[in-house]
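What follows is a set of notes on a single structure, which appears directly below.
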Amino acid sequence: MDEQIVQLRAQFEEKLAAVTAVAELEEIRVGFLGKNGSVTGLMKEMGKLSPEEKKAFGQKVNELKNFCTEKISEKQSELARLEMEREINSMPEFDVAMPAETKRGSYHPITLVQRKCENIFRSMGFAVEDYSEVVTDYECFEALNIPKFHPARDMQDTYYLENGQLLKSHTSAAQNAIYKKYRDALINEGKPIRAIFPGRCFRNESTDACHENTFFQMEGVMVDKNISISNLIFFMKTMLSEVFEKDIKVRLRPGFFPFVEPGFELDISCLICGGDGCPSCKHSGWLELCPCGMIHPNVLIEGGIDPEEYTGFAFGLGLTRLAMMKYGIKDIRDLNGADLVNLDQFTDDK
Ligand code: FA5
């Protein structure tokens, strides 16, 4: 029987030496060490031996078993190493010092129109202000003549935090802070308040081609003695002609906002369909772009300004819609879509 062990070991070594793939290795393992394998078979034959022979033979079979297990494991590591070497050698050579192929980023279309508007208003003496996206109910509504439970709140349902603050539904939420910031200079030094404040707004909105739940507006206010609707119309016309650099059709119609009196809706003829009607303008041919009006006396009082002495105008330009019209983007949702194929096109217009 010892001879059987020697023969089996020689057979095992011969087969193992010829193995070139892991799958073949598994065949050998099953053939020698599996339930019906040759080494396991030797154990079954031990029944024919005397107790002394059994002990010595069992020991030798165990040695063979351990030897086979160890060699299979070594071969497995060797095959894995060879496989990795083959993979590395088949890789194309590359130069680690070669500069990477880079692609320059581009400004988002909304950033582009925002900057354009900022430059236009800066050149007319307006300060550019920044404001928080998280505001209080007072800033967003109450300071703007919209008391609790006023129906105007329905149009501007937004996202509320557990502490009662909210994500601002319009840039008008900064008006009160702006009046308070500049009123001393207005009253004591006679400096008119002229400020714009672009920002991101949030609304609980059903989205479509011209409505998003997250969009940008740019608010503008001017307060001084004797400010009238003529001043408002002048600034609106100047801004639009400079942004579009061409003649565009606009219309002014009455609009209700509790924080202005009188209030207007300023619409532009849709530049996507030329006014014929399409999904971008809700098939009306017109797009609501920049509501505006004369600041309501209650809002001035809330900002610490005497409405008997001062008047002013305010407007809330829809920056996201302006970007749509300026760049011919048919669907507002593309602007939040982060698809670089869409957004990269405007790189040159910096
Ligand atoms: C307001 O938000 C007022 N605060 C604007 C205002 C300011 C009026 C100062 C008077 C004086 P409105 O909800 O209409 O108004 O929004 C203003 C503009 O923001 C719209 O004309 C439109 O261009 C843009 N806008 C409003 N909702 C959305 C939306 N869901 N998606 C994209 N743009 C929007």
Side-chain angles (χ1 to χ4, degrees), residues 109-110 113-114 117 131 135 139-141 143-146 150-159 167-176 178-179 193 195-223 227 229 232-233 235-236 239-240 243 250-268 270-271 279-282 284 286-296 298-300 303 311-326 329-336:
I110 297 174
V113 285
Q114 180 179 324
C117 292
Y131 206 67
V135 295
E139 292 168 299
C140 204
F141 300 120
L144 293 167
N145 205 26
I146 311 176
H150 191 289
R153 289 190 180 215
D154 290 352
M155 308 293 289
Q156 300 206 5
D157 187 16
T158 180
Y159 305 90
L167 299 187
K168 72 171 181 246
S169 55
H170 55 171
T171 41
S172 305
Q175 276 195 26
N176 186 261
I178 300 291
Y179 300 141
I193 299 178
I196 53 164
F197 25 109
R200 187 166 20 201
C201 305
F202 306 85
R203 287 189 198 175
N204 179 8
E205 190 92 72
S206 300
T207 59
D208 60 29
C210 57
H211 289 88
E212 256 292 11
N213 51 30
T214 305
F215 57 96
F216 285 81
Q217 287 185 345
M218 193 185 80
E219 193 90 353
V221 292
M222 177 166 187
V223 182
I227 296 292
I229 295 175
L232 167 63
I233 292 174
F235 281 103
M236 295 297 93
M239 184 238 333
L240 291 174
V243 167
V250 298
R251 73 176 182 189
L252 202 61
R253 59 190 168 95
F256 174 71
F257 300 91
F259 35 97
V260 285
E261 180 57 38
F264 307 100
E265 285 284 0
L266 191 154
D267 307 333
I268 66 167
C270 179
L271 297 175
S280 311
C281 58
K282 284 199 283 184
S284 71
W286 294 94
L287 201 72
E288 286 176 8
L289 186 70
C290 187
C292 49
M294 299 304 292
I295 302 165
H296 195 287
N298 289 352
V299 175
L300 288 176
T311 50
F313 66 76
F315 62 87
L317 172 68
L319 266 186
T320 307
R321 287 200 188 156
L322 187 64
M324 282 173 77
M325 292 296 111
K326 168 92 179 141
I329 298 165
K330 289 187 183 145
D331 196 312
I332 198 168
R333 290 164 289 199
D334 287 341
L335 289 161
N336 281 353

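We count ligands from 1, going down the list as the structure has it; atoms in each ligand are counted the same way.
- Atoms of ligand 1 lying under 4.0 Å from any heavy atom of Gly318, numbered from 1 in the order shown and given with element: 19 (O), 23 (O), 24 (C).
- Heavy-atom proximity to Ile332, at under 4.0 Å, picks out these atoms of ligand 1: 32 (C).
- For atom 1 (C) of ligand 1, the nearest non-hydrogen atom from the set Glu288, Glu265, Arg203 comes from Arg203.
- The aromatic rings of Phe235 and Phe313 are tilted relative to each other, their planes meeting at an angle between 30° and 60°.
- No N or O atom of Thr320 sits closer than 3.5 Å to an N or O atom of ligand 1.
- Residues Ile295 and Tyr179 are in side-chain contact: their nearest non-hydrogen atoms beyond the backbone lie under 4.5 Å apart.
- Short contacts between ligand 1 and Leu289, defined as distances under 4.0 Å to a heavy atom of the residue, involve ligand atoms 21 (O), 23 (O).
- Summarising the contacts of atom 15 (O) of ligand 1 with Phe256, Phe257, Phe315, the nearest heavy atom is found in Phe257.
- Near Cys210, meaning under 4.0 Å from any of its heavy atoms, are these atoms of ligand 1: 31 (N), 32 (C).
- Within the structure, the closest approach of Gln156 to ligand 1 falls below 4.0 Å when heavy atoms are considered.
- In this model, a donor atom of one side chain and an acceptor atom of the other lie less than 3.5 Å apart for Tyr131 and Glu139.
- Separation of the Phe259 and His170 ring centroids falls under the 6.0 Å cut-off.
- Backbone and side-chain nitrogen or oxygen atoms of Glu205 are examined, and one is located within less than 3.5 angstrom of a nitrogen or oxygen of ligand 1.
- No N or O atom of Ser169 sits closer than 3.5 Å to an N or O atom of ligand 1.
- Close contacts between ligand 1 and Glu219 involve ligand atoms 7 (C), 9 (C) [criterion: under 4.0 Å to a heavy atom].
- In this structure, the side chains of Met294 and Ile229 come closer than 4.5 Å at one or more pairs of heavy atoms.
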